[in-house]
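Working notes, beginning with the structure itself.
This chain uses plain numbering: 1 for the first residue, then up along the sequence. Everything numeric here is computed off the predicted structure, so don't read it as measured data.
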Amino acid sequence: MDGLLVSLQGAAAQGVLWGVMVIGVYITFRLMNIADMTCDGSFALGGCICAVLVVSMGVDPVLAIALAMLAGVAAGAVTGILHTMFEIPAILAGILTQISLWSINLRIMGGKSNIPLLKTPTVISSLADSAGMTQSAASLMVGFVVVTAVIVITYWFFGTELGSALRATGNNEDMIRAQGVDTRFTKLIALMVSNGLVALSGALVCQSQKYADIGSGTGAIVIGLAAIVIGEVLMGRLIPFYWKLIATVVGSVVYFMIRAIVLRLGLNANDMKLLSAVIVALALSIPVAMAKYRISHSYREGGEE
């Protein structure tokens, strides 16, 4: 039981840190109706840049996180430019950027596939040492502070004129274009903000796990979609916008807790991607199946009357 509680604490910490990434995916997937594949590469980009800055250049860990976030913004800008200026479909533009980032990340790390931070102080390890807490508890605390700040800032931003234009672009692009808004610009901003948050999450996870890996972002889009759908199933979709942001983080925590429990039950770690795909498929298909069942059931009841 103690081992399970420790595993769940670590899963909750990872879920909160990855929750920042899920918010980024939510912006493109739900608000803008864009399936952005860039996040797999920008997540690893954030971790790689953070590790290189901290280990090789001795940059302050907080500054390294900020610079990693800016790198994610740049990656999102590349995808946005390919999509808006050169009219490449969004999903293909994201794939092109993602593939490019694999090579770029390897070059950033000097050709190494991973960089350890075991002997290097990070934001999380410094908090753990000074407060006398475990690495998981420190990760959970840092993640909670960061994700709270991200939710507050994101909620404020999407309440501004520009943020409202972004949401309107996702809801009805033709309508907002008729109002004189350049939807190419709003899409570009959305992709930049989204990938900035994804890279921020990658940097935080890097400092929490004490290493950066070239493959750390593989499957990030699936994790993001799974967390979004789980959050919507648990907390509903017809809720205020700030609750939708909170729901994405809750979904992320629940997803990682499910993973931790399944691993404790003996599932092979190599099957985790299959489990992620199954969770997403079930979360997406069950609400549709239930809606169809309710419709058919109502027809049957109407016919009997």
Side-chain angles (χ1 to χ4, degrees), residues 18-39 42-43 46 66 69-91 93-94 97 145-201 220-221 224-225 227-252 287:
W18 279 78
V20 179
M21 184 275 298
V22 179
I23 294 175
V25 174
Y26 179 83
I27 290 173
T28 52
F29 181 68
R30 279 288 184 244
L31 297 185
M32 304 299 296
N33 292 320
I34 295 175
D36 181 27
M37 301 298 294
T38 314
C39 64
S42 55
F43 185 90
M69 182 177 179
L70 291 177
V73 171
V78 172
T79 300
I81 291 171
L82 291 175
H83 173 52
T84 59
M85 294 185 63
F86 299 101
E87 300 182 359
I88 298 176
I91 189 169
T97 306
V145 171
V146 173
V147 82
T148 300
V150 168
I151 289 174
V152 171
I153 295 173
T154 302
Y155 178 71
W156 166 82
F157 172 72
F158 280 99
T160 63
E161 184 176 352
L162 176 58
S164 298
L166 264 65
R167 296 172 66 180
T169 301
N171 288 331
N172 192 327
E173 185 175 346
D174 294 332
M175 181 274 294
I176 194 65
R177 189 185 297 116
Q179 299 297 319
V181 175
D182 187 352
T183 55
R184 295 176 302 175
F185 177 72
T186 55
K187 289 180 179 180
L188 176 63
I189 294 297
L191 288 166
M192 291 170 66
V193 171
S194 171
N195 284 281
L197 293 177
V198 172
L200 170 61
S201 177
I221 183 65
L225 295 178
I228 290 171
V229 175
I230 290 172
E232 290 176 345
V233 169
L234 293 177
M235 303 181 69
R237 303 176 88 175
L238 299 176
I239 50 180
F241 180 60
Y242 63 88
W243 274 113
K244 292 182 180 181
L245 297 176
I246 295 173
T248 61
V249 180
V250 171
S252 178

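Atom CG of residue Leu191 and atom OG1 of residue Thr28 lie 7.0 Å apart, to the nearest 0.5 angstrom. The NZ atom of Lys244 sits 12.0 Å away from atom CD1 of Ile228, with the distance rounded to the nearest 0.5 Å. To the nearest 0.5 Å, atom CD1 of residue Ile221 and atom CE of residue Met37 are 6.0 Å apart. With rounding to the nearest 0.5 angstrom, the OG1 atom of Thr148 is 11.5 Å from the CG atom of Leu245. Between the OG atom in Ser252 and the CH2 atom in Trp18 there is a gap of 8.5 Å [rounded to 0.5 Å]. Residue Cys39 holds its SG atom at 12.0 Å from CG of Leu197, rounded to the nearest 0.5 Å.
A salt bridge links Glu232 with Arg30: the closest approach of a Lys/Arg side-chain nitrogen to an acidic carboxylate oxygen falls below 4.0 angstrom.
Residues meeting the side chain to side chain donor-acceptor pair (under 3.5 Å) test with Asn171, sequence neighbours left out: none. Considering only residues two or more places apart in sequence or on other chains, Thr248 meets the side chain to side chain donor-acceptor pair (under 3.5 Å) condition with none of them. Residues satisfying the side chain to side chain donor-acceptor pair (under 3.5 Å) criterion with Asp174, sequence neighbours excluded, are Arg177.
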Atom pairs and distances, side-chain donor-acceptor, residues 152-161, under 3.5 Å, sequence neighbours left out:
from, atom 1, to, atom 2, distance (Å)
Thr154, OG1, Val150, O, 2.6
Thr160, OG1, Phe157, O, 2.5
Thr160, OG1, Gly163, N, 3.2

With a cut-off of 3.5 Å and sequence neighbours excluded, list every side-chain donor-acceptor pair involving residues 80-87.
from, atom 1, to, atom 2, distance (Å)
His83, ND1, Ile88, O, 2.9
His83, ND1, Ala90, N, 3.4
Thr84, OG1, Gly80, O, 2.6

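Minimum heavy-atom separation, Gly196 to Met69: O-CG, 3.3 Å. Shortest non-hydrogen contact noted between Ala77 and Leu188 is O-CD1, 3.7 Å. Closest approach of Ala165 to Val181, counting heavy atoms only: CB-CG1, 4.2 Å.
Sorted by first then second residue, the side-chain hydrogen bond (donor to acceptor under 3.5 Å, both in side chains) pairs that include residues 186-198, not counting sequence neighbours, are Asp36-Asn195, Ser42-Asn195, Thr169-Thr186, Glu173-Lys187.
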* **Verdict with supporting geometry, Phe43 and Leu200, side chain to side chain contact (heavy atoms under 4.5 Å, CB included)** => CA-CA 8 Å; Phe43 185 90; Leu200 170 61; over 6 Å; no
* Thr97/Thr38 under side chain to side chain donor-acceptor pair (under 3.5 Å): CA gap, chis, key distance, verdict -> CA-CA 6 Å; Thr97 306; Thr38 314; 4.7 Å; no
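Annotation: side chain of Ile151 is in contact with side chain of Val249 (closest heavy-atom distance under 4.5 Å).
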